[in-house]
Participant: 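Quick one: the structure is below, and I'll ask about it shortly.
Note that the numbering runs from 1 along the sequence shown for the chain.
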Amino acid sequence: MARAKHQTVLVLDFGGQYNQLIARRVRDEGVYAELIPGDSSIERIRAKEPVGLILTGGPNSVYADGAPRCTPEIFEMGIPVLGICYGMQLMTVMLGGSVRSAQTKEYGKTDVELRDCALFDGIDRSTVCWMSHTDQADKLPEGFSAAATTATCPIAAIADEGRRFYGVQFHPEVQHTARGQEMLRNFLYKVCKLDGDWSMPQFVQETIEALREKVGKGRVLLALSGGVDSSVCAALLSRAVGRQLTCVFLDIGLMRKNEPEQVRAMFEGKFDMDLRFLDESEHFLTALAGVTDPERKRKIIGEQFIRAFERAAKEIGKVEFLAQGTIYPDVVESGAGQAATIKSHHNVGGLPDVIDFQEILEPLRSLFKDEVRRLGLELGLPENMVWRQPFPGPGLAVRIIGDITREKVEILKDADAIFREEIDKAGLNRDINQYFAVLTNMRSVGVMGDERTYDFTVALRAVCTVDFMTVDWARIPYDVLARASARIVNEVRSVNRVVYDITTKPPATIEWE
């Protein structure tokens, strides 16, 4: 079933890691946005009947061989266009201007001076924006003027108000641009003159209708981890196809401490679905034995998941569809469209080429974490379920650096449980968006009871974010970190050192592997 017609802003993707986030920020403003490849044909673009276009950032230089281009006809459609970072540079070059390599590269938070234009209406002239570029506009096309400057970039934004073409060298879509959401809002409502006719309730209804049409009378098997993504996916599918859905929880031997018992208590008897629990830990741990490369771990886990669900499907009977709680951060980090692959996710890039299902259903694939939580509340899920801590599908495998053994798994389970307990006791569990322990593959010398030790180092990781695409490390009070550290080295065997990770994303990812 085709999606109901909404006013649509198309986001042309040129491979930047923030690109789906742009679409999500647009949807936050009640406007339907869709991400399509930057080199899409003019026929495909016109078929979507867009009321505005956004050209995204990307890793290339516009002058590099093979650098992505959009069709030039988009500038003749008579609709507003906003270029962001690479998108601004591309628009500059395609309309007759020029771009050069900047003498001073700009990365991170940067002071920007804005000038009057519709894009910056109502925003203080001095603001802070998030920069990430090595090239910059040098000569503007005819009809354009500079709309912003920085200390080292004289053309940090451009505007052709007559044609409603705008470009910004910074990234308004990320939180670190102080007034970025207002800039996007201005583009949507003051430049594109939109009504705002898209909402989460509409997404729910349209997705349910699409799932019913897709599944028909078929049966669906869902990998239920107990995390927010798979839980919301289960609720959405249950609403759509009812008893045609079977949910299977796999104990892969890499779950958090007491996780299988907690998931059983959370779901059993509370949903109108066929719910099954399977112990597959031996299969997973055997397949991972001796493997140290993180990409191999993820791909092995991806294949083991599929094979485990194939076995489950044979026990259940004929199952046409496999459902997964894949969300967009999984997709973009695995390499979506022209985006660079950062790491394969077990349920995206880790899937084997041949699977014994008619199709994979991923109804949350276009949503970010905070949208998934809003969807969960819209579906009536309890808050304690919607706000559960995120947990990666590969489980503790991506939090154990180096080879995986049962001993290491137990060490990490205990250390992680202590850290999470101390965060919860301090009342920080809703202030920090994700927190966990990592068992590094590093051993160091320590002293316990006047005796030399040579044991593992545990790293603690806690981050604050809205969208999980960019994150900042959490400023946990020292006394909380001190209690967690003291308990871990005293209560967990084979650990004599605890460190705290204070790295943002980017440049790091949230997980260590």
Participant: Looking only at heavy atoms, which two atoms of Gln244 and Val215 are closest? And how far apart?
Facilitator: NE2-CG1, 3.7 Å
Participant: Measure the acute angle between the ring planes of Tyr500 and Trp473, then classify it against the limits of 30° and 60° as parallel, tilted or perpendicular.
Facilitator: perpendicular
Participant: Is the backbone N or O of Asp195 less than 3.5 Å from a side-chain atom of Gln7, with the two atoms forming a donor-acceptor pair by type?
Facilitator: yes
Participant: Is a donor from one side chain sitting under 3.5 angstrom from an acceptor on the other, for Asn19 and Asp13?
Facilitator: yes
Participant: Please indicate whether Arg100 has more than 12 foreign heavy atoms, meaning atoms of other residues, nucleotides or ligands, lying under 6.0 Å from its CZ.
Facilitator: yes
Participant: Any chance you could measure Arg115, atom CZ, to Ile158, atom CD1, to the nearest 0.5 Å?
Facilitator: 13.0 Å
Participant: Are Ile510 and Val471 side-chain neighbours, meaning at least one heavy-atom pair lies under 4.5 Å?
Facilitator: yes
Participant: Could you check whether any side-chain N or O of Asn186 sits under 3.5 Å from a backbone N or O of Leu119, counting only pairs where one atom can act as donor and the other as acceptor?
Facilitator: yes
Participant: Of Val81, Val26, Leu12, Leu35, which is the lone residue that meets side-chain contact (heavy atoms from CB on, under 4.5 Å) with Ile54?
Facilitator: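 With Ile54 as partner, Val81, Val26, Leu12, Leu35 yield a single side-chain contact (heavy atoms from CB on, under 4.5 Å), made by Val26.
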Participant: Does this structure show an ion pair linking Glu310 with Arg307, if we count only N-O contacts that are shorter than 4.0 Å?
Facilitator: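 Looking at Arg307 together with Glu310, the answer is yes, because their closest N to O distance falls below 4.0 Å.
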Participant: Exactly one of Tyr86, Trp130, Tyr18 should register a ring-ring contact (aromatic ring centres under 6.0 Å, His included) with His171. Which one does?
Facilitator: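 Single ring-ring contact (aromatic ring centres under 6.0 Å, His included) partner of His171 among Tyr86, Trp130, Tyr18: Tyr18.
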Participant: Please give me the minimum heavy-atom distance between Val51 and Cys192, naming the atom from each residue.
Facilitator: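 Taking every non-hydrogen atom into account, O-SG, 4.0 Å.
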Participant: Rounded at 0.5 Å granularity, tell me how far CG in Leu367 sits from CZ in Arg373.
Facilitator: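 Those atoms lie 13.0 Å apart.
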Participant: With no hydrogens and no angle check, just 3.5 Å: does a side-chain donor-acceptor pair link Gln175 and Gln181?
Facilitator: no
Participant: Looking at CG of Leu245 and CE of Met273, how far apart are the two atoms once the value is rounded to the nearest 0.5 Å?
Facilitator: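 Between atom CG of Leu245 and atom CE of Met273 there are 5.0 Å.
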Participant: Search all heavy atoms of Phe249 against all heavy atoms of Leu224 and return the closest pair with its distance.
Facilitator: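 Minimum heavy-atom contact is CD1-O, 3.1 Å.
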Participant: Answer yes or no: is there a side-chain heavy-atom contact under 4.5 Å between Leu55 and Phe14?
Facilitator: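 Touching, per the 4.5 Å side-chain cut-off.
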Participant: With rounding to the nearest 0.5 angstrom, report the CE to CZ distance, Met183 to Phe120.
Facilitator: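 So the gap between those two atoms works out to 5.0 Å.
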Participant: List the steps and the verdict of side-chain contact (heavy atoms from CB on, under 4.5 Å) for Asp501 and Trp512.
Facilitator: CA-CA 10 Å; Asp501 182 349; Trp512 275 39; 2.9 Å; yes
Participant: Regarding Glu173 and Arg25, does a basic nitrogen lie under 4.0 Å from an acidic carboxylate oxygen?
Facilitator: no
Participant: Kindly say whether Asp370 contributes a backbone atom to a donor-acceptor pair with the side chain of Arg24 at under 3.5 angstrom?
Facilitator: no
Participant: Is there a side-chain contact (heavy atoms from CB on, under 4.5 Å) between Cys117 and Tyr166 once you walk through the steps?
Facilitator: CA-CA 9 Å; Cys117 72; Tyr166 299 85; 4.3 Å; yes
Participant: Evaluate the criterion salt bridge (charged side-chain N to carboxylate O under 4.0 Å, His left out) for residue pair Arg399 and Glu511; output intermediate values, then yes/no.
Facilitator: CA-CA 7 Å; Arg399 295 177 181 174; Glu511 300 290 344; 2.8 Å; yes
Participant: Contact between Met77 and Ile45 at the side-chain level, heavy atoms closer than 4.5 Å - yes or no?
Facilitator: yes
Participant: CZ of Arg475 to SG of Cys464: how many Å apart, nearest 0.5 Å?
Facilitator: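 Answer rounded to 0.5 Å: 8.0 Å.
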Participant: Got a salt bridge between Lys299 and Asp293, using NZ or NE/NH1/NH2 to carboxylate O under 4.0 Å?
Facilitator: no
Participant: Ignoring hydrogens and geometry beyond distance, is a side-chain donor-acceptor pair present between Asn433 and Thr465 at under 3.5 Å?
Facilitator: no
Participant: Between Arg164 (side chain) and Phe187 (backbone), is there a donor-acceptor pair under 3.5 Å?
Facilitator: no
Participant: So Gln434 and Lys369, side-chain contact (heavy atoms from CB on, under 4.5 Å) or not? Walk me through it.
Facilitator: CA-CA 11 Å; Gln434 192 166 351; Lys369 183 71 73 174; over 6 Å; no
Participant: When Leu184 is tested against each of Thr177, Val9, Leu82, Val31 for side-chain contact (heavy atoms from CB on, under 4.5 Å), which residue passes?
Facilitator: Leu82
Participant: Going from CZ on Phe75 to CG on Leu53, what distance comes out if it is rounded to the nearest 0.5 angstrom?
Facilitator: 8.5 Å
Participant: Answer whether the closest heavy-atom distance between the side chains of Val228 and Leu381 falls below 4.5 Å.
Facilitator: no
Participant: Compare all side-chain heavy atoms of Met88 with those of Ile155 and state whether any distance is below 4.5 angstrom.
Facilitator: yes
Participant: How close do Leu222 and Ala323 get, heavy atom to heavy atom, and via which atoms?
Facilitator: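 Shortest heavy-atom contact: CD1-O, 3.4 Å.
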Participant: Could you tell me whether a side-chain N or O of Glu320 sits under 3.5 Å from a main-chain N or O of Arg219, the two making a donor and an acceptor?
Facilitator: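 A pair under 3.5 Å: yes.
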Participant: Are side-chain heavy atoms of Asp116 and Arg125 found at a separation under 4.5 Å?
Facilitator: yes
Participant: For the backbone of Ser225 and the side chain of Ser230, can you confirm whether one donor and one acceptor N or O come within less than 3.5 Å of each other?
Facilitator: yes
Participant: Where is the tightest heavy-atom contact between Lys297 and Thr292, given as atom of each residue plus distance?
Facilitator: CE-O, 3.8 Å
Participant: What is the minimum heavy-atom distance between Ser126 and Glu113, and which atoms define it?
Facilitator: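 Heavy atoms only, the tightest pair is OG-OE2, 2.6 Å.
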Participant: For Val62, is there any backbone N or O sitting under 3.5 Å from a side-chain donor or acceptor partner on Arg69?
Facilitator: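 Looks like yes, one N/O pair under 3.5 Å.
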Participant: Would you say that Ser98 contacts Thr92 through its side chain, given a criterion of any heavy-atom pair below 4.5 Å between the two side chains?
Facilitator: no
Participant: Would you sort out whether Phe203 and Arg27 count as a side-chain contact (heavy atoms from CB on, under 4.5 Å), showing the intermediate values?
Facilitator: CA-CA 11 Å; Phe203 173 86; Arg27 293 200 299 265; over 6 Å; no
Participant: Is Met131 close to Thr150 at the side-chain level, that is, under 4.5 Å between some pair of heavy atoms?
Facilitator: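 Yes, at least one pair of side-chain atoms sits under 4.5 Å.
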